[in-house]
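All values below were derived from every heavy atom in this structure, side-chain atoms included, with hydrogens, water molecules and symmetry-related copies excluded. So that the names make sense, note that chain A is the first sequence line, chain B the second, and so on, each numbered from 1.
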Amino acid sequence: MTPEQLSNAVRDALGAAVEAGEITLPGGVPDHVLIERPRNPEHGDYATNVAMRLAKQAGTAPRELAERLAHRLREVSGVERVDVAGPGFLNITVAAGAQGELARSIVVAAESYGRTNTLAGTRVNVEFISANPTGPLHLGHVRWAAVGDAMARVVEAAGADVAREFYINDRGSQMDKFGTSIMARAQGKDVPEDGYHGAYIAELARAIVADRPEILDLPEDEQLAAFREEGYRLQLAEQQSQLDEFRTHFDVWFSERTLHESGQVEHGLDVLRKQGHVFDADGALWMRTTDFGDDKDRVLIKQDGTYTYFASDTAYYVNKRERGFDVCVYLLGADHHGYVGRLKAMAACAGDDPDRNIEIPIGQLVKIVRDGQEMRLSKRAGTMLTLGEVVEAAGVDALRYTLCRYPADSPLTLDVNQITRQTSDNPVFYVQYAHARLSSILRNAAELGIELGELQPELLNHERESLLLAALGEFPRIVATAAEYRQPHRVARYLEDTASTFHRFYDVCRVLPMGDEPAADIHRARLWLVEATRTVIANGLRLLGVAAPERM
RNA sequence: GCCCCCGUAGCUCAGCGGAUAGAGCAGCUGCCUUCUAAGCAGUUGGCCGCAGGUUCGAAUCCUGCCGGGGGCGCCA
């Protein structure tokens, strides 16, 4: 019996009680009843607070209401016991047989266990990182690489149609500074004060000159453009290979330039004009974002006739919507939180619902500590720790997992020494170890010629088996919730809890026969449970983009 | 000046309207004569920043204050 089925049973019990005239619900029977797993095992396998929630509306004391539901629930097949407890909780214990069936459902569902359709029919665009192609990605970007990708995977698992998108900021003055810096290096001159000073600039210059020695003979302006474009090409390829190594794959790499070249900026402005929130003032073109709560209006076209960065943003948003995305998620760092108000207002100016069509989760920046000292990240000074360097030191799995197990809006301090140590300090090893252990049992079973065979679910009645089954049953709800709130860390925390529940089961419940003992039904039933557990851990790790090793 | 995020165990952090507030690490004590001890069991450790309010019930929601971090004033 899954929590979902139980939730429906409670709802049906409510409906039946209303029909029988035992209770009255002026607000009607709720569509969905919340079923939780109580912390305290004495409170049964599942609990619900419906009686307390509906007591006022029903005009009945919570405990009394609970009693009226309890006697109906006791008749439900698969429900073993129902207690009314505390202020009016319904504590429900599920029959071992009904609960054991869950192992079969999970094994049969295999890789699709955990998928739901709670977001089916929704097209979601998740944009993250979106760095300038003027340098390597560094640890400041890496959190979004891990969280953004995991968020996309989780939302996808809830049935949404998802695109991961990287907006390439390949236009504007930073690109010129980038070109100027490379050219200066190539010519053996000093990089301007406000240019890029990292060692990679010299490497780019060397690579470009080696590939095109004649570049240095070009007139200064052509040479600058050539260095800028060659540098752009190489640096973008470098970013893409960094992300590839980090197992973060984008569906769309969207160049800001193409917005301008294809006339989409003008088109975006047309859309806004039609909505009536654009006006001229002081020789500039403005968007009246204050109509929708922004603290001031925003310039689209400056007095000198050039577009602002915000004009690109607007056109890009309109473009995304025209490509059919219902929800546009922008994962931004706290250093960009000032954009939230104007982006939301911009969406409203475009005629959209800012509470539905655009979401802007703000991620707190990652603080990095090494040898007890905070490291400052400065692309220009060239002292940053690149994504590649961190991946090399910590490994993709440990890094991705560590970054994903905290909510994005929570400040995070990464101790470089700690994450590079690859010891059990990192919970990823705990979870992966559970998977390796599970795989090992299944491997040994295969060697012994023991097959799953026919499951006898009622044999899985040990307390630790029961707890494990209950934990496995939570998985789809956890994924759906993580997707709804765009919080993949919930999956990581769930995996840690479930790994712990498994280790405790393993400690007490022998799965395979000992010595010459013949394989019995209990061994096969536990093997089903082991395969179900392995499936859940593997599926959960996959949602985080972390490997599920069969051996460690 | 205005705005955002965060103050929970020694440390890093979960929990965000429910029943005795949790995990990992750090500390102490046990457990490998058969499936991976990267594990398990036990134990130590908390005015959930402070003060009010909302209700059956607040670490969780609201207001104010204190402390820490970050941003904003036709810049990309």
> Which parts of nucleotides 1-6 of chain B does protein reach within less than 4.0 Å, heavy atoms only, written one letter per nucleotide 5' to 3' as B for base, S for sugar-phosphate only and - for none?
Replying inline: --BSSS

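- With Asp280(A) contributing its side chain and Leu285(A) its backbone, the two residues share no donor-acceptor pair below 3.5 Å.
- Base pairing in RNA chain B yields stems of at least 3 consecutive Watson-Crick or G-U pairs, both distances under 3.5 Å, namely B:1-7 with B:66-72, B:10-13 with B:22-25, B:27-31 with B:39-43, B:49-53 with B:61-65.
- Glu165(A) contributes no side-chain N or O that, together with a main-chain N or O of Phe254(A), makes up a donor-acceptor pair within less than 3.5 Å.
- Side-chain contact check for Thr60(A) versus Arg68(A): some heavy-atom pair is nearer than 4.5 Å.
- Classification of C32(B) as syn follows from a glycosidic angle within 90° of 0.
- By the ring pair (Phe, Tyr, Trp, His ring centres under 6.0 Å) test, Phe310(A) pairs with no residue at all, sequence neighbours left out.
- When the side-chain hydrogen bond (donor to acceptor under 3.5 Å, both in side chains) test is applied to Tyr232(A), the partners found at least two apart in sequence or on another chain are Asp170(A).
- Residues meeting the ring pair (Phe, Tyr, Trp, His ring centres under 6.0 Å) test with His503(A), sequence neighbours left out: Tyr430(A), Tyr433(A).
- Between Phe292(A) and His277(A), a ring centre-to-centre spacing shorter than 6.0 Å is recorded.
- Residue contacts for Glu550(A): at a heavy-atom cut-off of 4.0 Å it reaches a base atom on one of the strands shown.
- Side-chain N/O atoms of Ser181(A) and His197(A) include no donor and acceptor closer than 3.5 Å.
- Among the heavy atoms of the strands lying under 4.0 Å from Arg342(A) is at least one base atom, whether or not backbone atoms are also near.
- At a threshold of 4.0 angstrom between heavy atoms, the contacts of Tyr506(A) include nucleobase atoms, whether or not backbone atoms are also involved.
- Closest contact between the side chain of Ser440(A) and the listed nucleotides C40(B), C35(B), A14(B) involves C35(B).
- Phosphate contact (OP1/OP2 of G15(B), side-chain N/O of His489(A), threshold under 4.0 Å): present.
- Within 4.0 Å (heavy atoms only), Gly172(A) reaches sugar-phosphate atoms of the nucleic acid but no base atom.
- Between the P atoms of G22(B) and G42(B), the separation comes to 14 Å (whole Å).
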What N/O pairs connect the protein and nucleotides 20-23 of chain B at under 3.5 Å? Give each pair on its own line.
unit_1	atom_1	unit_2	atom_2	d
U20(B)	O4	Asn40(A)	ND2	2.8

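- Every side-chain hydrogen bond (donor to acceptor under 3.5 Å, both in side chains) that Gln264(A) has, sequence neighbours left out, goes to Ser262(A), Asn319(A).
- With distances taken from any side-chain atom of Tyr406(A) to the nucleotides C40(B), C75(B), A14(B), the minimum falls on A14(B).
- Using a 4.0 Å heavy-atom criterion, one finds that Asn169(A) contacts no nucleic acid atom at all.
- Within 4.0 Å of Ala445(A), counting heavy atoms only, lies no atom of the nucleic acid at all.
- Every residue was checked against the side-chain hydrogen bond (donor to acceptor under 3.5 Å, both in side chains) condition with Arg510(A), not counting sequence neighbours, and none meets it.
- Across all strands, Pro513(A) comes closer than 4.0 Å to no nucleic acid atom at all (heavy-atom distances).
- Remark: Tyr401(A) engages no residue in a ring pair (Phe, Tyr, Trp, His ring centres under 6.0 Å) (not counting sequence neighbours).
- Glu127(A) is not listed as a side-chain neighbour of Phe166(A), based on a closest heavy-atom distance of 4.5 Å or more.
- No contact: Arg298(A) has no heavy atom under 4.0 Å from any strand.
- Separating the C1' atom of U44(B) from that of A26(B) is a span of 12 Å, rounded to the nearest Å.
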Short N/O separations, protein against nucleotides 56-59 of chain B, under 3.5 angstrom:
unit_1	atom_1	unit_2	atom_2	d
C56(B)	OP1	Lys56(A)	NZ	3.2

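- Distances from the side chain of Leu512(A) to the nucleotides C35(B), G39(B), C74(B) place C35(B) closest.
- The side-chain hydrogen bond (donor to acceptor under 3.5 Å, both in side chains) check on Thr306(A) picks up Asp304(A), with sequence neighbours excluded.
- With sequence neighbours left out, His523(A) forms a ring pair (Phe, Tyr, Trp, His ring centres under 6.0 Å) with no residue at all.
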